[in-house]
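So that the names make sense, note that chain A is the first sequence line, chain B the second, and so on, each numbered from 1.
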Amino acid sequence: MPAPAPPRFALIDGNAFYCSAERVFDPSLRGVPVVVLGNGDGCCIALSPEAKQLGLKIGTPIFQVPEPIRKQIHVRSANFALYGDLSARIVSLLRELFPRVEVYSIDENFVDVEGLADPFAACLEARERILRWIGIPCCVGLGATRTLAKAGNKLAKDQSKRAVNAGQRAVFHATPQNIEALAVEDVWGVGRRFAARLHAEGVKTAADLAALPAEQVRARYGVVLARTRMELLGLPCSDLEPEEPDRQQLVVSRTFGRDLADPSEAIGTFSTVACEKLRKRGLAAGAVWVWLDGNPFKGETFNASRIMPLPFPTQDTSAVLRAVRVLVERIQAQAGASRRSSGGRVLFKRGGVGLTDLVGAEQRHADLFAGPDSKAERAMAVLDQINSKWGRGTLGLGAAGWRVGGARPGEPQRGAPNNRWRPTLKALSPCYTTKWSDLLRVR
DNA sequence: TCTGGGGTCCTAGGACCC
DNA sequence: TCTGGGGTCCTAGGACCC
């Protein structure tokens with residue numbers, strides 16, 4: 001058998017990242033089952049190993065967890081400001097150690113290990129530093145392709161779980177010859193649908209997928225999976241992308257705290273947040289869309305979306321809000337019409353705003369009639385400055401001046417009084433690293 | 001009572017144009 | 001009334017990712 005190709009890529013991934021992040025500043029959470037809940041304290045979105053051992057699954061609504069189990073777990077509301085900050089610290093640490101780093105997600109980074117004398121040792125060292133300096137335990141996968149590095153990462157997680165010497169075993173070099181232990185559904189690029197079809201064909205492991213004829217994969221599953229198969233064989237079809245590509249769209253959506261007959265305030269707030277993100281990235285939106293869904297858990301299957309092109313790509317919240325108001329009214333009219341015969345009305349459970357046809361704000365060509373409205377956009381810049389200094393929601397527009405960020409228990413609700421659509425968070429940890437008021441006190 | 005949020009890419013089919 | 005090929009753009013739907 002030929003010697004496996006040396007690894008070119010490594011994937012460094014924080015273990016149960018949100019749970020580990022909560023543990024960094026709260027030692028009482030270490031060694032005990034920790035669960036982090038998503039929007040409105042709805043579903044479990046992260047589980048510590050101890051929580052997984054209790055049989056909890058990602059995505060389970062917390063109210064479905066049996067009471068005896070719930071008594072044993074420590075629950076936190078998702079605190080993305082904290083997680084994002086710790087993630088950025090990991091990235092800057094990695095940039096000191098490796099020539100190229102691709103930020104793949106909040107808890108995963110690909111790095112370039114090509115040409116290193118001892119890639120395995122380099123990754124072990126990176127893992128050790130992240131653990132010691134930032135406090136997040138990681139696993140590392142190495143491979144000749146990004147797909148193999150991903151596979152190695154999963155195998156490293158599996159073997160370090162059982163190992164006595166967890167540090168050493170948290171790094172795994174995956175090769176086309178040693179991936180038979182990886183279930184095909186755990187291959188990067190194989191989701192639920194493909195996994196079911198592959199199983200039906202008798203393809204159970206990553207090695208089985210790699211062994212399928214190329215044409216067969218191409219014909220039955222498309223080019224994406226065909227590339228995945230190539231990468232499992234050690235033939236690279238993709239490289240690192242150290243530069244973040246320009247966004248194509250920007251979405252803000254939520255499940256409402258309760259069912260709403262009139263979701264316009266909530267949608268207005270999402271629009272405000274979306275526009276803040278837009279300006280932060282130096283982008284302008286050429287079109288706006290809105291969608292609203294009923295509550296499928298109560299048998300309400302209504303859902304609809306509407307899009308509106310803007311006369312000129314804009315960064316101006318008030319221009320977006322004007323479009324959004326029309327779109328919401330149109331969807332409400334459609335919902336009303338669909339219920340007129342039955343005499344009922346539609347209650348909405350979930351909705352969102354999308355900004356699309358994004359362009360760089362500086363790349364827009366001036367248009368005498370359509371804009372940009374530079375006066376309005378300067379006003380937006382001032383608004384952003386004030387909100388970044390005093391906190392999101394300090395200042396807003398009349399049509400949407402209510403608060404979005406997670407208020408903690410006891411914190412007064414700023415903004416419009418009628419914001420009951422927003423779920424309250426019961427167990428939000430302090431923003432230890434991003435808010436002066438939440439700095440840890442040592443005494 | 002309470003059921004996550006934010007993205008990308010590919011493909012097929014239709015409209016439209018030459 | 002019948003008859004063509006080829007290109008592009010757009011959209012909707014389906015698959016995937018974290």
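Using modelled atom types, one finds a donor on one side chain and an acceptor on the other under 3.5 Å when comparing A:Ser105 with A:Asp107. Side-chain atoms of A:Arg169 and A:Ser160 include no donor-acceptor pair closer than 3.5 Å. Using modelled atom types, one finds a donor on one side chain and an acceptor on the other under 3.5 Å when comparing A:Ser429 with A:Asn79.
At a threshold of 4.0 angstrom between heavy atoms, the contacts of A:Asp107 are confined to the sugar-phosphate backbone, with no base atom among them.
Look at A:Lys150 and you'll find a side-chain N or O under 4.0 angstrom from OP1 or OP2 of C:dC18. Remark: A:Arg350 is in phosphate contact with B:dG5, judged by side-chain N or O atoms under 4.0 Å from OP1 or OP2. The phosphate of B:dG4 (OP1 or OP2) has a side-chain N or O of A:Thr255 nearer than 4.0 angstrom. Within the 4.0 Å cut-off from OP1 or OP2 of B:dG6, at least one side-chain nitrogen or oxygen of A:Ser253 is found.
As a whole-Å value, the separation of A:Ile58 CD1 from B:dT3 P is 18 Å. Distance A:Asn39 CG to C:dC18 P: 21 Å, rounded to the nearest Å. The interatomic distance linking A:Leu260 (CG) with B:dT1 (C1') rounds to 15 Å, in whole Å. Taking atom CZ of A:Phe110 as the reference point, atom P of C:dC17 lies 12 Å away to the nearest angstrom. The distance from atom CD1 of A:Ile45 to atom P of B:dG7 is 15 Å, rounded to the nearest whole Å. The distance between atom OH of A:Tyr104 and atom P of B:dG7, rounded to the nearest whole Å, is 14 Å. A:Arg146 has its CZ atom 13 Å from the P atom of C:dC17, to the nearest Å. We find that CG of A:Asp293 is positioned 11 Å from P of B:dG4, with the value rounded to whole Å.
A salt bridge links A:Lys157 to A:Asp13: one of the charged nitrogens lies within less than 4.0 Å of a carboxylate oxygen. A salt bridge links A:Glu102 with A:Arg146: the distance from a Lys NZ or Arg NE/NH1/NH2 to an Asp or Glu carboxylate oxygen falls below 4.0 Å.
Partners of A:Ser305 according to the side chain to side chain contact (heavy atoms under 4.5 Å, CB included) rule, which considers only residues two or more places apart in sequence or in another chain, are A:Trp291. Considering only residues two or more places apart in sequence or on other chains, A:Asp112 meets the side chain to side chain contact (heavy atoms under 4.5 Å, CB included) condition with A:Pro99, A:Arg100, A:Glu114, A:Leu240. Partners of A:Phe194 under the ring-ring contact (aromatic ring centres under 6.0 Å, His included) rule, at least two apart in sequence or in another chain, are A:Tyr221. By the ring-ring contact (aromatic ring centres under 6.0 Å, His included) test, A:Phe110 is found to be paired with A:Tyr104, A:Trp188, residues two or more places apart in sequence or in another chain being considered.
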Pick out the pairs of N or O atoms, protein on one side and nucleotides 10-12 of chain B on the other, that lie under 3.5 Å.
from, atom 1, to, atom 2, distance (Å)
B:dC10, OP1, A:Arg227, NH2, 2.9
B:dT11, OP1, A:Arg218, NH2, 3.2

Dump the pairs, protein N or O against N or O of nucleotides 13-16 of chain B, anything under 3.5 Å, distances to one decimal.
none

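Taking every heavy atom of residues 185-204 of chain A and every atom of DNA chain B, no pair lies under 4.0 Å. Remark: A:Arg247, A:Gln248, A:Gln249, A:Leu250, A:Val251, A:Val252 in residues 245-252 of chain A come within less than 4.0 Å of DNA chain B through at least one heavy atom.
Taken from CZ in A:Phe80 to CG in A:Asn39, the straight-line distance is 9.0 Å, to the nearest 0.5 Å. Distance check: A:Thr145 OG1 to A:Phe9 CZ gives 7.5 Å after rounding to the nearest 0.5 Å. Going from atom OG of A:Ser48 over to atom CD of A:Glu22 covers 11.5 Å, rounded to the nearest 0.5 Å.
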Check against salt bridge (Lys or Arg N to Asp or Glu O under 4.0 Å), A:Arg306 and A:Glu329: CA-CA 10 Å; A:Arg306 285 278 190 282; A:Glu329 280 167 9; over 6 Å; no
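Screening residues 216-235 of chain A for salt bridge (charged side-chain N to carboxylate O under 4.0 Å, His left out), with sequence neighbours left out, gives A:Glu201-A:Arg220. Within the structure, every pair that satisfies the salt bridge (charged side-chain N to carboxylate O under 4.0 Å, His left out) test and touches residues 83-93 of chain A, not counting sequence neighbours, is listed here: A:Asp85-A:Arg89.
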For residues 346-357 of chain A, which side-chain donor-acceptor pairs fall under 3.5 Å, sequence neighbours excluded?
from, atom 1, to, atom 2, distance (Å)
A:Lys349, NZ, A:Phe256, O, 3.1
A:Arg350, NH1, A:Thr255, OG1, 3.4

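Taking a pair as Watson-Crick or G-U with both hydrogen-bonding distances under 3.5 Å, the stems of three or more pairs touching DNA chain C are B:5-18 with C:5-18.
By the 5.5 Å and 30° criteria, A:Phe297 is stacked with the base of B:dT3.
In this structure, the nucleotide among B:dG6, B:dT3, C:dC18 sitting nearest to the side chain of A:Ser105 is C:dC18.
Taking each heavy atom of A:Leu142 and A:Ala10 in turn, the nearest pair found is CD2-CB, 3.7 Å.
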